[in-house]
J.: 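Sharing a structure below in structure tokens format, with a few things to ask.
Note that these values count all heavy atoms, side chains included, but never hydrogens, waters or copies made by symmetry.
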Amino acid sequence: MRILTCPEKKKKFKKIVFEGGPGASADRAVVIRGAPNTIMGVLAEYQYLTSRFGRRDIDWKMAGQSISMRDNHQFDIMQIRLSDGTERTIFFDITEFFGKR
């Protein structure tokens, strides 16, 4: 489990936690917990990618992105291309924060 702390307006720090698997499939998705809204959840996704693969647009680049629903769970599926040309698909379970303002 990884923890990301993010400041929230007029509140103390809010902890965002990464649970679940490494994101290789929907069954092993990275589950994001504690994001108060969609904006903070998406920022957490990018923070996770940066912590795992390095700097965006240097060590990896976005190659594609899609949203999918399965078994009442909402997934953000990100395809990235690493600097060595390898492509990876990472599944994020965004059910907890998707659509929250």
Side-chain angles (χ1 to χ4, degrees):
M1 171 177 23
R2 296 182 189 175
I3 298 175
L4 169 69
T5 55
C6 296
E8 200 179 352
K9 292 180 183 178
K10 300 180 183 179
K11 292 185 180 182
K12 292 185 179 181
F13 285 88
K14 177 85 175 166
K15 287 187 180 178
I16 296 177
V17 179
F18 303 103
E19 297 178 341
S25 65
D27 293 332
R28 301 182 68 211
V30 176
V31 181
I32 299 175
R33 302 256 189 242
N37 55 49
T38 298
I39 292 171
M40 293 300 289
V42 170
L43 289 173
E45 289 177 291
Y46 283 98
Q47 179 63 37
Y48 177 87
L49 292 172
T50 298
S51 71
R52 186 164 168 202
F53 298 106
R55 298 163 295 172
R56 183 178 180 187
D57 293 327
I58 296 171
D59 300 311
W60 63 273
K61 293 182 181 193
M62 287 294 295
Q65 188 258 349
S66 61
I67 301 286
S68 178
M69 181 166 244
R70 177 178 160 194
D71 299 327
N72 292 322
H73 286 267
Q74 194 76 37
F75 295 96
D76 193 357
I77 306 163
M78 294 189 169
Q79 294 86 28
I80 64 170
R81 184 172 296 111
L82 303 179
S83 59
D84 67 1
T86 305
E87 292 199 10
R88 300 274 178 96
T89 300
I90 308 296
F91 289 75
F92 290 95
D93 184 331
I94 60 172
T95 305
E96 188 175 286
F97 68 82
F98 184 71
K100 288 186 180 177
R101 292 180 174 221

J.: Should Val31 and Val42 be regarded as members of a common hydrophobic cluster, given that ILVMFWY residues are connected when their side-chain heavy atoms come within less than 4.5 Å of each other, either directly or indirectly?
T.: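 In one cluster with Val31: Val42, no.
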J.: Could you tell me whether the side chain of Met78 reaches within less than 4.5 Å of the side chain of Ser66, counting heavy atoms only?
T.: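 SC-SC contact between Ser66 and Met78 ruled out.
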J.: Look at the side chain of Arg52 and the backbone N and O of Pro22, then say whether any donor-acceptor pair between them is shorter than 3.5 Å.
T.: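 Flag set: sc Arg52 to bb Pro22 pair under 3.5 Å.
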J.: Going by side-chain contact (heavy atoms from CB on, under 4.5 Å), Phe97 matches just one of Ile16, Ile32, Asn37. Which one?
T.: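 Of all the options given, the one that passes is Ile32.
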J.: Within a 6.0 Å radius of atom CG on Leu82, are there more than 12 heavy atoms belonging to other residues, nucleotides or ligands?
T.: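 Count over threshold, so yes.
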J.: Quick one: closest heavy-atom pair of Thr95 and His73, and the distance?
T.: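 Scanning both residues, the minimum pair turns out to be OG1-CA, 3.2 Å.
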J.: Checking the side chain of Thr38 only, and the main-chain atoms of Gly99 only, is there a donor and an acceptor separated by less than 3.5 Å?
T.: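 Yes; at least one donor-acceptor contact below 3.5 Å.
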J.: Tell me, which pairs form a salt bridge (Lys or Arg N to Asp or Glu O under 4.0 Å) where one or both residues lie in residues 92-101, sequence neighbours left out?
T.: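 Matches after skipping sequence neighbours: Arg33-Glu96.
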J.: With rounding to the nearest 0.5 angstrom, report the CD1 to CZ distance, Ile90 to Arg28.
T.: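 One finds 10.5 Å between CD1 of Ile90 and CZ of Arg28.
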J.: Under the 4.5 Å side-chain heavy-atom rule for ILVMFWY, direct or indirect, which residues accompany Phe75?
T.: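 Taking Ile, Leu, Val, Met, Phe, Trp and Tyr as members, Phe75 shares its hydrophobic cluster with Ile77, Phe91.
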J.: Side-chain heavy atoms under 4.5 angstrom apart, residues restricted to Ile, Leu, Val, Met, Phe, Trp, Tyr: same cluster for Tyr46 and Ile67?
T.: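 Linked, Tyr46 and Ile67 end up in one cluster.
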J.: Listing request: all salt bridge (Lys or Arg N to Asp or Glu O under 4.0 Å) pairs with a residue in residues 54-63, at least two apart in sequence or in separate chains.
T.: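 Every pair satisfying salt bridge (Lys or Arg N to Asp or Glu O under 4.0 Å) with a residue in residues 54-63: Arg55-Asp59.
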J.: With Thr86, which residues qualify under side chain to side chain donor-acceptor pair (under 3.5 Å), at least two apart?
T.: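 Once residues adjacent in sequence are excluded, the partners of Thr86 under the side chain to side chain donor-acceptor pair (under 3.5 Å) criterion are Asp84.
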J.: Are Ile94 and Tyr48 linked, directly or through other ILVMFWY residues, by side chains that come within less than 4.5 angstrom of each other?
T.: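 Same hydrophobic cluster.
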J.: Restricting to pairs with a member in residues 64-83, which pass salt bridge (Lys or Arg N to Asp or Glu O under 4.0 Å), not counting sequence neighbours?
T.: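 Of all non-adjacent pairs touching residues 64-83, those that pass salt bridge (Lys or Arg N to Asp or Glu O under 4.0 Å) are Asp27-Arg70, Arg81-Glu87.
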J.: Not counting sequence neighbours, which residues clear side-chain contact (heavy atoms from CB on, under 4.5 Å) with Thr50? List them please.
T.: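 Partners of Thr50 by the side-chain contact (heavy atoms from CB on, under 4.5 Å) criterion, ordered by chain and then number, come out as Trp60.
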